[in-house]
Every structure is written in structure tokens, then in C-alpha cells.
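Report on one structure; see the data block that follows.
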There are 2 protein chains.
Amino acid sequence: MSKRYAGRREDLVEAAVDLFAANGYAGTSIRDIAKITGRSVSNVYHYFKDKESLWLAILEYSVQGMPDRLRSAMKPADGAEQRFSALVRAHLQESMRHRREVKIFFIDEERLSPGGKRINKRIQKEILDLYREQIGELLKARHVSPAAARVLAFNVLGVINWYLRWQDHVAGLSVEEIHDQIVGFVFYGLLGKLPGG
Amino acid sequence: MSKRYAGRREDLVEAAVDLFAANGYAGTSIRDIAKITGRSVSNVYHYFKDKESLWLAILEYSVQGMPDRLRSAMKPADGAEQRFSALVRAHLQESMRHRREVKIFFIDEERLSPGGKRINKRIQKEILDLYREQIGELLKARHVSPAAARVLAFNVLGVINWYLRWQDHVAGLSVEEIHDQIVGFVFYGLLGKLPGG
DNA sequence: CAACTTATAGAACGATCGTTCTATCTTGGT
DNA sequence: ACCAAGATAGAACGATCGTTCTATAAGTTG
């Protein structure tokens, strides 16, 4: 691989992320990707054997490693609340970092081949299980049923993933303040505790 | 309009809801809709002038009236907490009732014409404002900033809309129990109150 | 039955899709 | 300088897309 051509493959992935996030998988054509990178259609196929491979390459360098990154954000020495807070904060930051990829990942999963769907589902299940486990630790004294813990895990994921949609639409708060708000909501809801307390 | 042909238009809308929800707007063709209804392509165009009109017809008979239905679920005589609880429960029920439509509505909004987008945004804003207003009432004593109230409204919407995704994947709880769980989470989060209290 | 409106089907249009093929150009190693 | 490997472009394939046109069948109304 020559230096002159370094990053050419990554450019394609970058453009594909943009377009997939904006227009969806079915709504994005190989020609679109070629056009905004100033390349030819066949050049795209030189780097990726087909459209779905491009999709999977996106997942590979972003969402694929997310469960591990979330796990390593939680320090074993801390208490359950600190660990959970760290998990949520890491998850929010990861979602920010890979905003478009996560959007693609969670929204457009339907049109994949069975093999692609399996990868998608596996990662989603890893993250869900991570939350279920931590919620179990957090609520140990309250003996919640597994079904209830599952519902709670989905609720937390809903808050975090929904964040991707309105992230841009809030003025007047810094990113850190928004994250504080979200963590506070996940812990105490609307009524459980005063915002400042 | 003859009786023999009554409901033929509605059949097309019904099929389109199914397919749009399963495969997205760009991922669904007029020919797909014609095929599963056993009609011809041109017959679809006899009832709808183009693809986007079909989309808007779906919104019209489902999501369009949702803000009003949510408003009318809240009894003015009740207190702020009862009113908010009624709002969330009505929203959950409406989301269940029009599961596919809401999924389409919130997910696939990007590929519409400017006119279609405007309708979409208007309804979403109506619902968001409804929540912001009620959250304002609910937290009157705590003087939360408008930006913070906005974040809280988005969080609640995230929980409810995310519910559409995992609705099928929880065994061991009835629909009412799940709704209780969700309302409890919105009010008190993970730690704010005991589940049984 | 005749006239008119509605419902339907089938063929076709141009555009675009994912993909493949072939040919040229660039680069790095010898 | 030569050559193999990688990078690129362009043309073309068959399939499918949204849409339109034309023609026929069915139903309603006189």
C-alpha cells in the first residue's frame, strides 16, 4: 500500500457513514458515495465487494468495540452507583463520538442479509446485557424480577439512544450539563430528587 | 362510490403501513404494495396520486390526531401528577394502537418532500410542547430552566418511543404491568422510589 | 339498453439501482 | 527499464424503481 493512496478506503467509509445516516441504507446508492468522494463507481467496488460490506466496515470501526469500551469505563473498585453512572456517561460519550454510526446501527437494521442482522443483534444484545447486569447490581436490595429489570434496561437505553435525535436541538446547556441531566433522570426520574440535590 | 368497492383504498393504506414499517419508505416499492394486495401497480395510482400521498394518508388516519387525543386524556380537574400519568399512559396506548405508523413516523422522516417534512415536524413539535407544558406544571415548585425542561421532555419521549422497539421482547409481564413500570421509571427513575411503593 | 363514472390491468417510459467487465494509469520493487 | 500489483475510470448488464398511458371490465344512473 503506497502512502499516496493511504486513507482512500477510509474516505469511502466516511462518506458512506454520512449518507447512510442521512438517507438510510436503501436510500443511499453506491453512485451517491462515489459522487461525493469524486471517485468512480467501480472504484468503490475495488475496496468493498458489495454494499453490505461497506455497511459492515462502518460497524467494525465504530460500534463493534463499543461493549468492550463501555465495560472498561466501569472501575471495579467503585460502588454500584458510581459504576452505573460511569456506564451511562461512557455510553453517552460513545454515542456522541459515533453519532452517525449509532444512528445507522439502531435504525436501519432491517435491510441487511441474515449474516449482517446476526452481527447487529449480537452487539445490541451485548449492550443490553451489560445494562441488565448493572441494573441488577444497582437494585440488589430490592429484588426486582428479571422481566422488570429487562424493562428498566430498555428504558435507560431509550433515553440514551433518543439523545442522538435531539442532541442538536437544545440551546442554553453545555454537553456536560445535558449529560448530568440525563444521568439524573435515569437515576431519579422527574420527581425522585431535586435537580440540585 | 359503490359498496362492492368499499374499503379498497383502506386496504392499500393497510398494506403500505405494513411494508413501510418493515422495510422503510425507500425500501418499499409501489409494486410491493400492489403485489401483497393482489392489485396492479396502476390501480394503486388510481387511489393515490403518488407514493408520498400514500405516506401522508397513513399519517392522516393515525398520527395526525394524536396530539388532540393525548390532550383529551388529561382531565383538568386532576392534579399535576395524575394528569401527567394520564398523558404517559394515553401516549403508551396510542403508540401500541398505531405501532407501525408511529414507527414509520419517527424513523423514516428524512426522505419526504419539504411539504411532507413540515407536516411531520409540526406533529412532533405539538407532542413535545405538550410534554414540556406538563413537565412545567409538574415541576412548578422547583423552577427548572426551559432548557432543562426541554431535555426532560425529550427523555420521556425517548422512553416511550423506544418502547415500540422492544414491546415484543418481554415475556413474563402483562401490558398493564409494563406500562406501570414505565410510568414509575419516568416519575422516579431507577433509584427514586421502591417499585412497590 | 345506453351513457357515464369508477375500478382495474398491462405495457411501456426514463431513471436509477447494485454489480460486473474491460481497459488504462500509477506505483513499488527489481 | 520492466513488470506485477494496486488504483482508477467508463461502459454496460439486467433488475427494479416511480410514474404514465391506453384499454377493458364493472357498476351506477338515466
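Predicted model, so just to flag it, every value in this text is computed and none were measured. Sequence lines set the chain letters: A, B, ... in the order given, protein chains first and strands last, and positions in each chain run from 1.
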Is the shortest side-chain N/O distance from Tyr47(A) to OP1 or OP2 of dT8(D) below 4.0 Å?
-> yes

Between Asn43(B) and Ser40(B): side-chain donor-acceptor atoms closer than 3.5 Å = no

Is the backbone of Ser174(A) close enough, under 3.5 Å, to the side chain of Glu177(A) for a donor and an acceptor to pair up by distance?
-> yes

How about Glu52(B) and Tyr25(B): does a side-chain donor come under 3.5 Å of a side-chain acceptor?
-> no

State whether a side-chain donor-acceptor pair under 3.5 Å links Arg150(A) with Gln181(B).
-> no

Ring-ring centroid check His91(A) Phe84(A), cutoff 6.0 Å = no

Taking atom types as modelled and ignoring hydrogens, do the side chains of Gln93(B) and Arg69(B) form a donor-acceptor contact shorter than 3.5 angstrom?
-> no

Let me know the distance between CG of Asn43(B) and C1' of dA25(D), rounded to the nearest Å.
-> 13 Å

NE2 of His46(A) versus C1' of dG6(D): gap in Å, rounded?
-> 5 Å

Between atom CZ in Arg8(B) and atom C1' in dA26(D), what is the gap in whole Å?
-> 12 Å

When you measure from every atom of DNA chain D, which of residues 16-24 of chain B have a heavy atom less than 4.0 Å away?
-> none

Summarise protein proximity over nucleotides 15-20 of chain C in one line of letters, 5' to 3': B for base, S for sugar-phosphate only, - for none, counting protein heavy atoms closer than 4.0 Å.
-> --BBBB

Round to the nearest Å and state the distance from Arg39(A) atom CZ to dG6(D) atom P.
-> 17 Å

Please check if the distance between the ring centroids of Phe154(A) and His169(B) is under 6.0 Å.
-> no

For Arg71(A), does the CZ atom have more than 12 heavy-atom neighbours from other residues, nucleotides or ligands under 6.0 Å away?
-> yes

